[in-house]
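Input: a single structure, listed below in structure tokens.
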Amino acid sequence: MNIEIRNPAAPAEIVATYEPVPRTALDYLVARARAAQIEWACVPQPERGQIIGAFLDALEKDAADIANSITMEMGKPLSEALGEVAKAIGEGRATVARANAPLGEVLPSQVAGTIVQTIRRPRGVVLGINPWNFPFSTPIRKAIPALIYGNAILLKPSTLSPGALVRMQQAADATLPEGLLQVVIGGGALGQDLCEHPGIAAVSFTGSVGVGKKVAAAAVSHLAEISLELGGKNPVILNDCSDLDRALDQITAAAFAVCGQRCTAISRVIVHEDIADAVTKGLAERASAIVPVDGRTDGARMGPLASSTQLEEVDGFVTRALAEGAKAAAGGSKLDSPGGGWFYAPTVLCDVTRDMEVARDEVFGPVLSVIRYADIDEALSIANDVVFGLTSCLYSEQAPIVERFLAESESGMLHVNAGSFPENHVPFVGIKDSALGVGGSNGASTIQFYTTEHAIYRRPRA
Ligand code: NAD
């Protein structure tokens, strides 16, 4: 059955239809990728970098069309979709810039006359499984390091937003060797079959914790390498700040970008009790000033949620939080719109306590919870009291507090006096239930995931 995509701002409108790949085609696709990969591995790595550069150029030329398809399919404002495409291409270029970096090292030997070296080889055929919220940048973070290190890649989009990857396939067909990058459209069952396929050497997955566990089990069943990038429940600790307005602007952006549907979205503001009232008021004013509209509207700051399921889930979290004793300082309900879109009011909840569901589970929507604390011990204890460990932020200008945060905050990415936006060339990393494995996305550590390591011992004669 074909996959129909509805406009989240006006769901009666079908914006795209895709034919899923039949499960019977997987053997062929994996074999085709392997054949392409064997030849690609013989291309010198700097030359691979040039070819991938041309692929990125083609994507850049097509940026407006890619962004438009993202907005139509999952609803984020066009400015955010254009930003996603531009940032992803910047990340891709940062990875290509590593094409001439060393691939191993020379070590001293215990045996006279022996040269000991480590080298790296491509893994083979890599599988990238992607979520719907960043349908272009997530696959780019997988594809570019996979290709630069000599692998072929199969990319599976979410069935909510395949359009960006369909356009990526077109750019690949025009610039890359045949079969090297293949987009495989389909749902979870197809993803599961791919993970279990013995021809897949490594699986890089981005999505929810529950699906991540299934993906890991399927990949491990044939001992494929695995990288999981999962959810978050990202805190900001707001202790002291000489420019509170600026801090609140940054927190608002980090909480409500992409309608809160970012794995790195700030969802808990853990604030010192002395400034909690001012912070709650400031955040509520900022949230109330954001009016969700169709993402194609000029100047749109927030679009609808991506699906009716998302809308019901977000509303359920807020309804239960209010029943548990939280109060809505802003928002707190679905919004009516002429097209019946999946709109939710940007929401700030106060009187939230650390044990409430909304303070512990990933909401993945425009909902910010304010939790008070008395001292930094309590703040860190609240921040760390969740299963996730993706990103965390601190606002403080006191060195001892900054040092404690950097040493004790349980997250992969730590930001001091800044929102939770990652940079292009830096590893995108999580701990606890937010991630498993090293090097799935961006930064120097990608070499560890996308290559195998080999130790060489060499003597001039026996
Ligand atoms: P999801 O886990 O429902 O789906 C992700 C992908 O997995 C989709 O392509 C889906 O078709 C596929 N899938 C589903 N079942 C499968 C199975 N059994 N085997 C193989 N593949 C299967 O996630 P989502 O709803 O698309 O995205 C939202 C989630 O992704 C949130 O939890 C969010 O935090 C997380 N996310 C994490 C990051 C990160 O880098 N840490 C980035 C973006 C999103």
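In this text, all values refer to a predicted model and were calculated from it rather than measured experimentally. Residue indices begin at 1 and follow the sequence shown. Note that ligands are numbered from 1 as they come in the structure, with each ligand's atoms numbered from 1 the same way. Because only heavy atoms are used, hydrogens play no part in the values below, and waters and symmetry mates are left out as well, while side chains stay in.
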Proximity to ligand 1 by part of Leu230, non-hydrogen separation under 4.0 Å: backbone
Atoms of ligand 1 close to Asn133 [distance to a heavy atom under 4.0 angstrom, numbered from 1]: 43 (C), 44 (C)
Side-chain ion pair, Lys334 and Glu312, N-O less than 4.0 Å: yes
Under 3.5 Å: donor-acceptor pair, side chain of Ser337, backbone of Gly340: yes
Donor-acceptor contact below 3.5 Å, side chain Ser409 vs main chain Leu406: no
Test: Lys142 cationic atom under 6.0 Å from Tyr450 six-membered ring centre, within 45° of axis: no
Carboxylate-amine/guanidinium contact Arg6 Glu13, below 4.0 Å: no
Min heavy-atom dist Pro157 to ligand 1 below 4.0 Å: yes
side-chain contact (heavy atoms from CB on, under 4.5 Å) involving Ser369 - partner list, sequence neighbours excluded: Leu349, Val352, Val358
Electrostatic pair Asp65:Arg167 at N-O distance under 4.0 angstrom: yes
Min N/O separation Lys156 to ligand 1 under 3.5 Å: yes
Test of proximity, Glu362 against ligand 1: N or O pairs below 3.5 Å: yes
4.0 Å heavy-atom contact, Ser158 with ligand 1: yes
Option whose closest heavy atom lies nearest to atom 36 (N) of ligand 1, chosen from Cys263, Ala265, Ser441: Cys263
Contact check: Gln192 vs ligand 1, nitrogen or oxygen atoms, below 3.5 angstrom: yes
Minimum-distance protein heavy atom relative to atom 28 (C) of ligand 1: Phe364 CE2, 3.6 Å
Residue and atom name of the nearest protein heavy atom (relative to atom 35 (C) of ligand 1), distance in Å to one decimal: Gly207 O, 3.2 Å
Any donor-acceptor N/O pair, Thr319 side chain to Asp315 backbone, under 3.5 Å: yes
Element-labelled atoms of ligand 1 that are located less than 4.0 Å from some non-hydrogen atom of Phe428: 39 (C), 40 (O)
Short side-chain to backbone donor-acceptor contact, Ser441 and Phe428, under 3.5 Å: no
Residues that Phe256 engages under ring pair (Phe, Tyr, Trp, His ring centres under 6.0 Å), provided they are two or more places apart: none
Pick from Ala216, Ser208, Ala435: the one approaching atom 23 (O) of ligand 1 most closely through a non-hydrogen atom: Ser208
Closest protein heavy atom to atom 16 (C) of ligand 1, given as residue, atom name and distance to 0.1 Å: Val211 CG1, 3.4 Å
Protein heavy atom at shortest distance from atom 25 (O) of ligand 1: Trp132 NE1, 2.9 Å
For atom 27 (O) of ligand 1, the protein heavy atom that lies nearest, with its residue and separation: Pro131 CB, 3.3 Å
Contact atoms of ligand 1, heavy-atom distance to Val215 under 4.0 Å: 19 (N), 20 (C), 21 (N)
Under 4.0 Å to a heavy atom of Asn130 - the qualifying atoms of ligand 1, by number: 5 (C), 6 (C), 8 (C), 9 (O)
Sole candidate of Leu380, Leu238, Ile237, Ile270 that passes side-chain contact (heavy atoms from CB on, under 4.5 Å) when paired with Leu394: Ile237
Is_contact(atom 4 (O) of ligand 1), protein non-hydrogen, under 4.0 Å: no
Non-hydrogen atom of Phe134 closer than 4.0 Å to ligand 1: no
Salt bridge Asp27-Arg32, side-chain N to carboxylate O under 4.0 Å: no
